[in-house]
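So the structure is just underneath, and the comments pick up after that.
All figures in this text were calculated on a predicted structure; none of them were measured in a lab.
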Amino acid sequence: MWRSGQKNPERQNKPLECLNRLSQLLDDYGLSENDLLQAAVELIPFTFPHPNEACARIQLSGKEFKTKGYKETSGKLSTKLILNNKTERSIEVFYPENLCQLEKGITPEESAKLLETFAKSLAKGLEQRQNEEELKKNRELLSKTQDLAQIGIWEYDLVSDHVTWTDQVYRIFGLNPQEFGATYQAFLDHVHPDDRKKVNKAYSDSVEEGKDMYEVEHRVVRKNTGEVLFTHGKCFHERGQTGKIVRSIGLVQDVTKSTKTKEKLRKSEYRLRSTLNNMKEGCQIISFDWRYLFVNDEVATHARKTKSELLGKTMMEVYPGIEKTAMFKVLQQCMEERTTHYFENEFTYPDGSYGWFDLTIQPSPEGIMVFSVDITERKQAEKELQKLYDDIFLILKSSPTALALTRVSDGKFITINDTYTTIMGYHPHEVVGHTVSDLNIYVNDNERDQLMKILQDEGRVWNYELDTRHKNGTVRNLLVSMEPIIYNGEKTLISTFVDITEKKKMYEDLKKAKEKAEESDRLKSAFLANMSHEIRTPMNGILGFTNLLREPGISGEEKDRYTEIIEKSGERMLDTVNDIVEISKIEAGILSVEKKQINVNDCVNDLVQFFSQEAKNKGLELSIDHLLPENSAIIITDQSKLESILSNLIKNAIKYTFEGSIKVGCHIQEEYIEFYVKDTGVGIPGDRQEVVFNRFEQADISDTSAFEGSGLGLAISRSLVDMLNGSIWLDSKVDKGSTFYFTIPVHREAQPSTTGNTSEVVNNENQAYDEKPPNKLKILIAEDDQVSFNYLSTLLKRIDCEIIRAINGTEAVQYYRDNPDIDLILMDVKMPEMDGYKATRKIREIDEEVPVIAQTAYAITGDGKRALEAGCDDYIPKPIKKHVLMQKINKLVKTG
């Protein structure tokens, strides 16, 4: 315990502890200025005898910082807080006045000195804090300034050969600090190779010659990207005690953009000046003090002066008194108001001649820019034209081209010629003094505004297509041309009209025809793509499984399966070829109608029986729905075409039906027989029902079609129905099924058959025929194709025969002449040197009895008929079927 009258050592240490604590706070840069002041004001009471009874506040720049439990009392100490030699308010301490009187300890004077010491320490700390923050801000500002200006700072110590760069220099050079050797040579290595010598010389010369600074522009090559930058550098030297340069400090700035911009501007300025000089318009730039800053060659021509007589001089010096002219007033108005003006000016030359110029005056940064066009010849022509207009207008009155004159001011007709009356139906007294709006001539109300706009923009209207209304209300299509003229001293429009109504209709018809042709080409292209698919797909099966048959070790079951696939693929390809040949014959117009007496019911029965197995294989029921009465079933028509129509419709129904049934029937409708094929298949959309009968078009002709086949069946059927003078149509619903109908006329008068006995054979094509000729035969095969000959030879191996081959018609005739004991001739109708028709005729001159069977591919209509007319006994179509060939051989050999 301390006694009264002695100073308490604990109280003596309190102020020192507070100042130490304040010093620690000042050194802690994590505190803000406000935090620092708040901590300081809490420490102040501890400098007094009874800290719990004292409180304080700091007033600084309008802010107050108070101790907790702050309360003003009668006892008060205060001192000034001076920052940077300027009073910043004060520090105040409040305490009960009687405490210092009752206690013998630190006196108020001592407390005041401690407070003053505290204030000085606090002020010093605040000044330090402000200085540090200011320095930090300046550094950040400097770094940002370098980044914005793309300026880097470098330092080179010549004594240690050490180079120091700021971050911006590294960014300019495209380097990381670890990639730079920090030597002068390392710096040079990153300068563009073409500039290194220049940079090194600039620096070396400045050092050797003792210059204080130098500047140089050079390029740098960025290490990682190879990008070339343009830089501008400036260097300052520092000298040592001996006066020798020991350190260099420099600035480097990326000026790539500005360098490229300057180059672009230079080129742009060059191109602009070149363009202006080569313009056919005069161009001059006049400054605000009326001096010629620029004139092109055309201005010199207009002024009849050289450029040197104009450039740098004022307009008043070149043309005394010009400021009194109307043109100068327009120039002055543009100069003052900064607006564009258009002006026609008549200029009188010193020799008394004159010229007219069309002037466009517009403001420019230097003053004004004036464009001039010499219209002297035009003005002279206008005067001459005015006279010509008067002279020729009487001629135009009777011109075959419609003509009208209208005033520009009010749009009223001045006159029209006779042809205008013919085209539009109005007489002159109904038109003159009226406008087109009065007469309601324009079909579209906005046409007049459009014509006026074109006239304003282009100076005239030329062949503008306009829909006009005739007096009787019909619409006429006209080509309108308009030209402004001066007529009787007034601005007038002379308008001509050409009636193109009929031509336009013709053009629309041609356009539709063109679109139809283009659509036809598109469909044909799709058709050809489909044909390619339909030929290549079965051919792939034929060739592929033929190769598989050659592989060793395949079983008999596999051989049968492969053979069946090859046969089906061949039949599919044959169907496609037959369709192509059939439609080709129809397109060529060489298919003829050959009528004979047939039984309609028998045809329908035979076809249903023929296709029944194919339908059964798909799980479909194919049946006859209705037939004709027997006494009405015999008619005269082309049996092959009727069967072809029905076959196409039945095949089509089987192809597009996946479950359900197909029904075939016919009945009498007055003078026609109506046939129908009804299925429960996929149906045809309504928008495709009109086109499915078109050639080269299907209900689905896309590449994604899931159905095989040429897609020509319906087109062929319609053509055949047309040839038989009937009609064909359909009724279909999607997912419900389709019914195809067609009619043929009923003819019952007897006509001789022109098809020989082929139909009898064809009707029995599916019947097996294994009977062999009774005797060994000697057969001549006239066939130039090796594969076809091999095939026939193989077919004939099953009978006892001797085969002789001829590869052309000439050999066939000669071989028969040398071998008159030949029993049968198989004659191909298409061979080199001499075809089969001619060869048969030659053989018939030798022997009229020997049987001859023609082999024909039915390439064109009438092959079979031509063969019979040439002397053949029969004909057989390719590809030849074994049982049909044997049937014909047996028939002819037995007959013979």
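For the atom pair CG of Leu780 and CD1 of Ile822, the computed distance is 4.5 Å after rounding to the nearest 0.5 Å. Taking NZ from Lys514 and CG from Asp509, the interatomic distance works out to 15.0 Å, rounded to the nearest 0.5 Å. Atom CD1 of Ile635 is separated from atom CD1 of Ile673 by 4.0 Å, given to the nearest 0.5 angstrom. Note that CZ of Arg844 is 7.5 Å distant from OG1 of Thr840, once rounded to the nearest 0.5 Å. Rounded to the nearest 0.5 angstrom, Ile843 CD1 and Arg817 CZ are separated by 9.0 Å. Considering CE of Met831 and OG1 of Thr810, their distance stands at 8.5 Å, rounded to 0.5 Å.
Residue Lys778 qualifies as enclosed at atom NZ: its count of foreign heavy atoms under 6.0 Å is above 12. Counting non-hydrogen atoms of other residues, nucleotides and ligands closer than 6.0 Å to NZ of Lys678 gives a total of 12 or fewer. Within 6.0 Å of CD in Glu659 there are 12 or fewer heavy atoms belonging to other residues, nucleotides or ligands. The local environment of NZ in Lys505 is sparse, with at most 12 non-hydrogen atoms from other residues, nucleotides or ligands closer than 6.0 Å.
In this structure, the ring pair (Phe, Tyr, Trp, His ring centres under 6.0 Å) partners of Phe675, at least two apart in sequence or on a different chain, are Phe742. Residues satisfying the side-chain hydrogen bond (donor to acceptor under 3.5 Å, both in side chains) criterion with Glu869, sequence neighbours excluded, are absent altogether. In this view, Tyr562 and Phe545 satisfy the ring pair (Phe, Tyr, Trp, His ring centres under 6.0 Å) rule, not counting sequence neighbours.
Side-chain contact between Lys651 and Asn648: present, with at least one pair of heavy atoms (C-beta onward) separated by less than 4.5 Å. Side-chain contact between Asp731 and Ser738 is absent, with no heavy-atom pair separated by less than 4.5 Å. Using a 4.5 Å cut-off on side-chain heavy atoms (C-beta onward), Ile728 and Ser717 make contact. Under the 4.5 Å side-chain criterion, counting only non-hydrogen atoms from C-beta, His747 is not in contact with Thr637. Between Val850 and Leu824 the shortest side-chain heavy-atom distance does not fall below 4.5 Å. With contacts defined as side-chain heavy-atom distances shorter than 4.5 Å, the pair Met827/Gln855 does not qualify. Counting only heavy atoms from C-beta outward, the side chains of Val682 and Val734 never approach each other to under 4.5 Å. The shortest distance between side-chain heavy atoms of Asp823 and Lys776 does not fall below 4.5 Å.
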Can you list, pair by pair, the side-chain donor-acceptor contacts under 3.5 Å of residues 624-634, counting residues two or more places apart and other chains?
unit_1, atom_1, unit_2, atom_2, d
Asp625, OD2, Tyr676, OH, 2.5
His626, ND1, Cys666, O, 2.9
Glu630, OE2, Asn601, ND2, 3.3

Under 3.5 Å, sequence neighbours excluded: what are the donor-acceptor pairs made by side chains of residues 607-614?
unit_1, atom_1, unit_2, atom_2, d
Ser612, OG, Gln609, O, 2.8
Gln613, NE2, Asn617, OD1, 3.0

Give the table of side-chain donor-acceptor pairs shorter than 3.5 Å for residues 788-796, with sequence neighbours excluded, one pair per line with atom names and distance.
unit_1, atom_1, unit_2, atom_2, d
Ser788, OG, Asp785, OD2, 2.8
Asn790, OD1, Gln786, NE2, 2.9
Asn790, ND2, Gln786, O, 3.4
Tyr791, OH, Ile880, O, 2.7
Ser793, OG, Phe789, O, 2.9
Thr794, OG1, Asn790, O, 2.8

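Test Leu720, Ile744, Leu646, Val721 against Lys641 for side-chain contact (heavy atoms from CB on, under 4.5 Å) and you get one pass: Leu720.
Heavy atoms only, all atoms of each residue included: Gly683 and Ser732 are closest at CA-OG, 3.4 Å. Taking each heavy atom of Val746 and Tyr672 in turn, the nearest pair found is CG2-C, 3.8 Å. Taking all atoms of both residues into account, the shortest heavy-atom contact from Thr680 to Gly660 is OG1-CA, 3.4 Å. Shown here for Glu811 and Ala806, the closest heavy-atom pair between the two residues is OE1-CA, 3.6 Å. Heavy atoms only, all atoms of each residue included: Glu670 and Ile668 are closest at O-CG2, 3.6 Å. Of all non-hydrogen atoms in Leu549 and Ile566, the two that sit nearest each other are CD1-CD1, 3.7 Å.
When atom types are taken as modelled, the side chain of Asp835 and the backbone of Tyr837 share a donor-acceptor pair closer than 3.5 angstrom. At distances below 3.5 Å, not a single donor-acceptor pair connects side-chain atoms of Arg841 with backbone N or O atoms of Gly871. In this structure a side-chain-to-backbone donor-acceptor pair under 3.5 Å is missing from Ser661 to Glu621. Not a single donor-acceptor pair under 3.5 Å links the side chain of Ser644 to the backbone N or O of Ser640.
A donor-acceptor contact closer than 3.5 angstrom is absent between the side chains of Asp679 and Tyr656. Side-chain contact annotation: Ser727 with Thr743, donor-acceptor N/O pair under 3.5 Å present.
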Should Met834 and Val813 be marked as a side chain to side chain contact (heavy atoms under 4.5 Å, CB included) after you check the CA-CA gap, both sets of side-chain angles, and the distance that decides it?
-> CA-CA 10 Å; Met834 182 186 293; Val813 175; 4.2 Å; yes
Does the pair Ile853 and Asp873 meet the rule for a side chain to side chain contact (heavy atoms under 4.5 Å, CB included), with working shown?
-> CA-CA 6 Å; Ile853 300 176; Asp873 296 280; 5.8 Å; no
Taking it one step at a time, do Asp638 and Lys595 satisfy salt bridge (charged side-chain N to carboxylate O under 4.0 Å, His left out)?
-> CA-CA 4 Å; Asp638 190 318; Lys595 296 183 178 181; over 6 Å; no
Intermediate values then yes/no, side chain to side chain contact (heavy atoms under 4.5 Å, CB included), Lys663 and Val677 = CA-CA 6 Å; Lys663 296 181 180 181; Val677 177; over 6 Å; no
List the steps and the verdict of side chain to side chain contact (heavy atoms under 4.5 Å, CB included) for Lys618 and Phe658.
-> CA-CA 7 Å; Lys618 286 190 68 175; Phe658 299 99; 4.2 Å; yes
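By the 4.0 Å N-to-carboxylate-O rule, Lys842 lies too far from Asp847 to be salt-bridged with it. Under the 4.0 Å criterion applied to side-chain N and carboxylate O atoms, Asp828 and Lys878 are assigned as salt-bridge partners.
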